[in-house]
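Input: a single structure, listed below in structure tokens.
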Amino acid sequence: MGFDQYHEPPQELSQEVRTFARMMASLIEEAEAINWCEQRMSVEKDKKAKAIMANAQKEEFKHFGMNLEFLLRRKKEWREELKGILFTQGDIVKLGEKAEKAVD
């Protein structure tokens with residue numbers, strides 16, 4: 001198979017790490033799809049076509065969220081750090097620095 005998602009020999013990686021790599025690849029692919037939809041919608045003149053693109057983007061965003069949640073359930077330290085950043089108010093950089101220190 002012609003997948004370039006591994007930086008180490010796949011046969012040497014555990015099943016857990018291989019699943020992690022697949023989910024990371026899926027997360028990246030969903031983020032790219034969200035971006036492509038955003039760009040297409042920004043230039044689309046036909047309202048019906050734009051509505052279809054918006055619907056597709058919404059699906060991609062849901063998939064992105066599901067992939068992220070899967071990963072966060074397996075990386076508890078990531079979840080803890082993101083709790084201090086996501087769905088909060090305030091300066092994002094400062095919140096990130098504070099969250100990072102809290103996990104370290």
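For reference, positions follow the sequence shown, starting with 1. What you see is a predicted model; the values in this text were computed from it and never measured.
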So does Ile92 have more than 12 non-hydrogen atoms from other groups sitting under 6.0 Å from CD1?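 For Ile92, atom CD1 is not crowded (no more than 12 foreign heavy atoms under 6.0 Å).
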
Is the number of heavy atoms from other residues, nucleotides or ligands under 6.0 Å of Glu16 CD greater than 12?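 No, not enclosed.
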
Item to complete: Any ring pair (Phe, Tyr, Trp, His ring centres under 6.0 Å) involving residues 84-104? Give me the pairs, sequence neighbours left out, ordered by first then second residue.
Response: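 Counting only pairs at least two positions apart or across chains, no ring pair (Phe, Tyr, Trp, His ring centres under 6.0 Å) contact touches residues 84-104.
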
Of the options Lys75, Lys76, Glu80, which is the one that meets Trp78 in a side-chain contact (heavy atoms from CB on, under 4.5 Å)?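 With Trp78 as partner, Lys75, Lys76, Glu80 yield a single side-chain contact (heavy atoms from CB on, under 4.5 Å), made by Lys75.
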
Are [Y] and [X] connected into the same hydrophobic cluster when the rule is that any two of I, L, V, M, F, W, Y join if their side-chain heavy atoms are below 4.5 Å apart?
X     : Y     : answer
Ile85 : Leu68 : yes
Phe64 : Met41 : no
Phe61 : Leu86 : yes

Should the pair Arg74 and Phe70 be classed as cation-pi, given the thresholds of under 6.0 Å to the six-membered ring centre and 45° from the axis?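 That pair qualifies as a cation-pi contact.
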
query: Hey, mind stepping through Glu59 and His63 against side-chain contact (heavy atoms from CB on, under 4.5 Å) and telling me if it holds?
result: CA-CA 6 Å; Glu59 285 294 312; His63 300 156; 3.8 Å; yes

Scan the side chains in residues 20-40 for donor-acceptor partners under 3.5 Å anywhere in the protein, sequence neighbours excluded, and list what turns up.
{"from": "Ser26", "atom 1": "OG", "to": "Arg22", "atom 2": "O", "distance (Å)": "3.1"}
{"from": "Asn35", "atom 1": "OD1", "to": "Gln39", "atom 2": "NE2", "distance (Å)": "3.0"}
{"from": "Glu38", "atom 1": "OE1", "to": "Gln57", "atom 2": "NE2", "distance (Å)": "2.9"}

*asked:* Could you check whether Glu12 pairs with Arg18 (Lys NZ or Arg NE/NH1/NH2 to Asp/Glu carboxylate O, under 4.0 Å)?
replied: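 Salt bridge absent between Glu12 and Arg18.
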
Exercise for the section: Quick one: pull up CD in Gln89 and CG in Leu95 and give me the separation to the nearest 0.5 Å. Expected result: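 Gln89 CD to Leu95 CG: 9.0 Å, rounded to 0.5 Å.
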
Straight-line distance of Ile52 CD1 to Lys47 NZ, nearest 0.5 Å:
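If I round to the nearest 0.5 Å, the distance is 15.0 Å.
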
Ala99 versus Gly84, closest heavy-atom pair with distance =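 In terms of heavy atoms, the two residues are closest at CB-CA, 4.0 Å.
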
Which residue pairs pass the side-chain hydrogen bond (donor to acceptor under 3.5 Å, both in side chains) test with at least one member in residues 92-104, sequence neighbours excluded?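 Qualifying pairs: none.
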
